[in-house]
Amino acid sequence: MTVVELRALKLRIKPNFKPVNWRLITEAIFGNLMLVLTLLSSLLVVVIGLLLFQKCLPILETHSWAELLFSSSWFPLKGDFGFSPFILGTTWVTAIAAIIAVPTSLLTAIFLTEYSKKKMRTLMNPLLDLLAGIPSIVYGMWGVLIVVPSIKAFAATVFKISISGYSVLAAGIVLAVMIFPAIISVTLQVLTGVPVELRHASLALGATQWQTIKKVVLRKALPGVIAASILGVTRAFGETMAVLMVAGNVARAPHSVFDPAYPLPALIANNYGEMLSIPLYDSALLLGALILFLVVLFFNGLARLVLIRIEKRGF
Amino acid sequence: MKRFDLRNAEEFFFKSLMLTTTVLVACCALFIVGVITQKGLSSLSFEMLTQTPKGGFYLGKEGGILNAIVGSLLLAGGATAIALSISIPIAIYLNVYTKKNSWLAHLTRTSLDVMCGIPSIVYGAFGFTLMLTLGLRTSLLAGMITVACLILPILCRGIDESLRMTPKEMIHASYSLGATRSETALKVVLRQGFPGLLSAVLMAFGRGIGDSASVLFTAGFSDAVPTSLSQPVATLPLAIFFQLGTPFPEVRSRAYASAFVLTVMILFISLLARLLVRKLHRHVIK
C-alpha cells in the first residue's frame with residue numbers, strides 16, 4: 001500500500017465522523033443574522049442623530065450656538081439664522097397644549113379606572129383609539145374649519161380685538177386634543193398597576209373614594225403619571241402638519257395666546273422647497289430638526305426610564 | 001338627615017369634574033369625525049375616487065384623487081413590508097434568543113420605545129439626508145424607506161409584545177422535543193403570536209398612510225399613479241394639504257372629501273385589525 005492509499009483509508013474510517021447537521025447550521029445563521037439586525041435597530045437612533053449632526057456642521061462652523069439659539073433675526077438670504085422666534089413659538093404652543101391636555105387627560109384616566117363602570121370603559125376605548133388614529137392632517141383641517149373661526153369670534157366678542165384666529169391658542173387646542181389619547185392610555189396603565197389592596201386598606205380606614213385617590217393612588221402612581229404626561233407633551237412638541245395649518249406662521253415671538261406663532265416643525269416643513277437654493281439654509285433647517293430630535297430624545301428617554309423602573313420594581 | 005360634609009362635597013366636586021372631562025374627550029372624538037363626515041360626504045363623488053387629476057385640477061377643474069389613494073397605499077404597503085422584514089427577526093431575537101434580563105434586550109426595547117416618540121418631521125429630515133447621501137431623488141423608494149424608519153419602532157414593539165405573551169411552558173416543551181431555537185421561534189412562538197402580529201402590522205400600515213410630515217421631503221408629488229420605484233408619488237395627506245392651500249372653494253371642498261376618504265380608510269384598517277384579532281384569537285393556545 002502506498003502512503004496515499006493509507007491516508008485515504010484513514011479518512012474513511014475516522015471514528016468520530018459526524019454528518020453535517022443542517023438544522024444546527026441554520027440555527028447559527030439565523031441567530032447571528034437576527035443579532036445583527038437587533039444591534040442595528042438599536043443603533044438607528046444614534047445613526048439618525050449623527051447624520052443630522054453631520055449635515056448641521058456647516059452652519060455650526062460659521063455661527064455660534066448662542067447666536068443660533070438666542071438671536072431673533074431670521075433672514076436666510078442675508079445669512080442670519082436666529083432660531084429664537086421659532087423656539088419660543090414651539091414653547092408657547094406646547095405649553096398651551098400641556099396646560100389643556102394634562103389635567104383633562106389625568107382626570108379622565110382617573111375617572112375611567114376608579115369610578116366608571118365597565119360599560120363606560122368599553123365605550124371609551126374605541127373613542128380613544130379613534131382619537132389616536134386620526135391623522136394629523138385631519139386634525140389640522142378640523143382646526144382650520146372649527147377652532148380657528150371660533151377663536152376669532154371669541155376674541156372679537158369677549159376681548160373686542162380682531163384677529164385672524166390663526167394663533168398660539170388654536171394650535172394649543174388642536175394639539176391638546178391630539179395628545180389626549182397618548183396621555184390617557186399610559187396613565188390608565190400606570191393607575192391599573194397600583195395594587196387594589198392599597199385602595200381597600202384606605203377605604204377600610206374610612207377615607208372617601210376621592211381621599212383614597214388623592215392620598216394613596218396618586219401618591220403611589222405619581223412618577224408614572226408624570227412620565228405619561230411627558231410622553232404626551234413631547235408628542236405635541238414635535239407635531240408638524242396640524243400646527244403648520246393653524247398656528248399662523250409669523251416669524252415673530254408671540255406675546256399673547258392670540259398672537260400667531262411659527263413653531264420649529266412648521267418652519268422645517270414649510271421651507272423644504274427652497275432649502276437647497278439658499279446657502280446654509282438646508283443646514284439651518286436640519287439644525288432645527290436636530291434640536292427637535294435632541295429635546296424629544298432627552299425627555300422621552302427620561303420618561304421611559306421612569307416607566308421601566310416602575311415596571312421592574314412594581315408598586 | 002345627612003349632615004353637610006366637606007369631604008363629601010369635595011368628592012362630589014371632583015367626581016363631576018372628572019365626568020365632565022371624560023365626556024369632553026368623548027365629544028371631541030365624535031365632533032371631529034362628525035365634522036369631517038358632514039363636510040366630506042357632501043362633496044364626495046364617484047369620479048373623485050376613480051380618476052387621476054386632469055389639467056387644472058387644482059384650479060377647480062375635473063379629476064380625482066386616485067393618484068393619491070393608490071400612492072398612499074403603495075407607499076404604506078412597501079414601507080410596512082420593509083419594516084416587517086426587519087421587525088420579525090428582531091422580535092424573535094428579543095423573545096427567544098436573549099436570556100432573561102439581557103442588557104441587549106433592555107437596550108433595544110428602550111431605544112425602540114424612545115424612537116416611537118421621535119416626531120415624524122425628524123424622520124422626514126433624516127430620510128431626506130439619507131436620500132441625498134444615497135444619491136436617490138424624491139421617489140416612491142425614498143418615501144418607502146423614510147416611512148419604514150418611522151413605523152419600524154411601532155411595528156417592532158407591537159410584534160415584540162405579542163410574542164412575549166407566548167407561555168414559557170410551550171417554549172420549553174418545544175425544546176424538550178429536540179427543536180432548535182430557530183425552529184421553536186418559527187413553528188411555535190410566531191404562530192402563537194400571529195394575531196398580535198397581524199394587528200401590529202395593520203396599525204403600522206394605518207400610521208404609514210396617515211403620516212404626512214415624513215413624506216413631505218422624500219416622496220415628492222405627482223399627478224400620475226407611479227409605475228416604478230424611482231418615480232415620485234402622491235400621498236393622500238399631502239393631497240389634502242395642497243388642496244386646502246388653494247383659494248378656490250371647489251378645490252377646498254375636495255380636500256374635505258379627501259380627508260373623509262383618508263379617515264374612513266384608517267378607521268376601516270383599525271376596525272379590521274380588531275375583528276381579525278378577535279377571530280384569530282380562537283387558534284391561540286392559552
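Since this is a predicted model, take the numbers as computed values, not measurements. Side chains included, hydrogens not; waters and symmetry mates left out as well; all remaining heavy atoms used. Naming convention: chains lettered A, B, ... in sequence-line order (proteins, then strands); numbering from 1 in each chain.
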Self-check item: Contacting region of B/S270 [heavy-atom separation from chain A under 4.5 Å]
Solution: neither

Quiz item: Is there a side-chain contact between A/L297 and B/V114 (heavy atoms, below 4.5 Å)?
Solution: yes

Quiz item: Counting heavy-atom pairs under 4.5 Å to chain A, which of B/G210, B/G124, B/P89, B/C28 comes out on top?
Solution: B/P89

Quiz prompt | Option in B/M203, B/M18, B/E183 with maximal non-hydrogen atom pairs under 4.5 Å from chain A | solution = B/M18

Exercise. Salt-bridge test for B/R157 and B/E161: reply yes if a basic N is under 4.0 Å from a carboxylate O, no otherwise.
Key: yes

Quiz item: Do you know which of A/L51, A/V45, A/L43 has the most heavy-atom pairs under 4.5 Å to chain B?
Solution: A/L51

Quiz item: With a 4.5 angstrom heavy-atom cut-off, which part of A/I308 approaches chain B: side chain, backbone, both or neither?
Solution: side chain

Quiz item: If we only count heavy atoms from C-beta on, is the B/V122 to A/L52 side-chain gap below 4.5 Å?
Solution: yes

Quiz item: Is it the case that B/S214 and B/D211 place a side-chain donor and acceptor less than 3.5 Å from each other?
Solution: yes

Exercise. Kindly say whether A/K55 contributes a backbone atom to a donor-acceptor pair with the side chain of A/S283 at under 3.5 angstrom?
Key: yes

Self-check item: Choice from B/V33, B/D113, B/V35, B/V96 maximising heavy atom contacts with chain A below 4.5 Å
Solution: B/D113

Quiz prompt | Under 4.5 Å from a heavy atom of chain B, the part of A/T240 involved | solution = side chain

Exercise. Find out whether B/S212 and B/T235 are in side-chain contact, i.e. whether some heavy atom of one side chain is under 4.5 Å from a heavy atom of the other.
Key: no

Quiz item: Given that the side chain runs from C-beta out, which part of B/L267 has a heavy atom under 4.5 Å from chain A: side chain, backbone, both or neither?
Solution: side chain

Quiz item: Between B/F14 and chain A, which part of the residue has a heavy atom less than 4.5 Å away: side chain, backbone, both or neither?
Solution: side chain

Exercise. Find the one option among B/L19, B/L238, B/L17 whose heavy-atom pairs under 4.5 Å with chain A are most numerous.
Key: B/L19

Quiz prompt | Interface moiety of B/Y123 toward chain A, non-hydrogen atoms closer than 4.5 Å | solution = side chain

Exercise. Could you check which of A/L127, A/V296, A/T38, A/V177 has the highest count of heavy-atom pairs closer than 4.5 Å to chain B?
Key: A/T38

Practice problem: Below 4.5 Å from any heavy atom of chain B, which atoms of A/L307 appear? Answer side chain, backbone, both or neither. | Solution: neither

Exercise. For the residue pair A/M34 and B/I90, establish whether any side-chain heavy-atom pair is separated by less than 4.5 Å.
Key: no

Quiz item: Between B/L94 and chain A, which part of the residue has a heavy atom less than 4.5 Å away: side chain, backbone, both or neither?
Solution: side chain

Exercise. Answer whether the closest heavy-atom distance between the side chains of B/I266 and A/I134 falls below 4.5 Å.
Key: no

Quiz item: Given that the side chain runs from C-beta out, which part of A/L40 has a heavy atom under 4.5 Å from chain B: side chain, backbone, both or neither?
Solution: neither

Quiz prompt | Top contributor to chain A contacts, counting heavy-atom pairs under 4.5 Å, from B/L244, B/L107, B/I269 | solution = B/L244

Quiz prompt | Contacting moiety of B/L24, where chain A heavy atoms sit under 4.5 Å | solution = side chain

Quiz item: Which bit of A/F293 is near chain B, if near means a heavy-atom gap under 4.5 Å: side chain, backbone, both or neither?
Solution: both

Exercise. Please determine, among A/I146, A/L292, A/T26, A/V46, the option with the most heavy-atom pairs under 4.5 Å with chain B.
Key: A/I146

Quiz prompt | Proximity breakdown for B/V25 and chain A, heavy-atom pairs closer than 4.5 Å | solution = both

Quiz prompt | Any A/N249 side-chain heavy atom under 4.5 Å of A/L244 side chain | solution = yes

Quiz item: How many angstroms lie between CZ in B/F205 and CG in B/L155, if you round to the nearest 0.5 Å?
Solution: 12.5 Å

Quiz item: Are B/T138 and B/T218 close enough that some pair of their side-chain heavy atoms sits under 4.5 Å apart?
Solution: no

Self-check item: Note: B/E10-B/R7 ion pair, threshold 4.0 Å (strictly below)
Solution: no

Self-check item: Per-residue contact mode, B/R274 against chain A (heavy atom under 4.5 angstrom)
Solution: side chain

Quiz item: Between A/S136 and A/E239, do the side chains contain an N or O donor and an N or O acceptor separated by less than 3.5 Å?
Solution: yes

Practice problem: Decide side chain to side chain donor-acceptor pair (under 3.5 Å) for A/Q211 and A/S202; before the verdict, give the C-alpha distance in whole Å, the side-chain angles of both, and the deciding distance to 0.1 Å. | Solution: CA-CA 9 Å; A/Q211 281 177 321; A/S202 165; over 6 Å; no

Quiz item: Is the closest side-chain donor-acceptor distance between A/T108 and B/T21 under 3.5 Å?
Solution: yes

Quiz prompt | Engaged part of A/L290 at the chain B interface, taking heavy atoms whose separation is under 4.5 Å | solution = neither

Self-check item: chain B interface, residue from A/F111, A/F30, A/F299 that has the most non-hydrogen pairs under 4.5 Å
Solution: A/F111

Quiz item: Taking every heavy-atom pair that is under 4.5 Å apart, which of B/G117, B/C156, B/G245, B/S87 has the most such pairs with chain A?
Solution: B/G117

Quiz item: Once the angle between the rings of B/F217 and B/F128 is folded into 0 to 90°, is it parallel (under 30°), tilted (30 to 60°) or perpendicular (over 60°)?
Solution: tilted

Quiz prompt | Portion of B/C116 that has a non-hydrogen atom of chain A nearer than 4.5 angstrom | solution = backbone

Quiz item: Under 3.5 Å, is there a donor-acceptor pair linking the side chains of B/S111 and A/S42?
Solution: no

Quiz item: chain B: which of A/V47, A/I29, A/N300 shares the most heavy-atom pairs with it under 4.5 Å?
Solution: A/N300

Quiz item: For B/L152, is it the side chain, the backbone, both or neither that has a heavy atom under 4.5 Å from a heavy atom of chain A?
Solution: side chain

Self-check item: B/L104 versus chain A, the contacting section by heavy-atom distance below 4.5 Å
Solution: side chain

Quiz item: Is there side-chain contact between A/T94 and A/L175, with at least one heavy-atom pair below 4.5 Å?
Solution: no

Quiz item: Between B/K15 and chain A, which part of the residue has a heavy atom less than 4.5 Å away: side chain, backbone, both or neither?
Solution: both

Self-check item: Distance, nearest 0.5 Å, that separates CE of A/M178 from CD1 of B/I32
Solution: 9.0 Å

Quiz item: Where on B/F241 is there a heavy atom nearer than 4.5 Å to chain A: the side chain, the backbone, both, or neither?
Solution: both

Practice problem: Sort A/A109 into side chain, backbone, both or neither according to what part of it lies under 4.5 angstrom from a heavy atom of chain B. | Solution: neither

Self-check item: Segment of B/L271 engaging chain A (4.5 angstrom heavy-atom cut-off)
Solution: neither

Practice problem: Quick one: which of A/V295, A/L24, A/L44, A/L145 has the most heavy-atom pairs under 4.5 Å with chain B, could you say? | Solution: A/L145

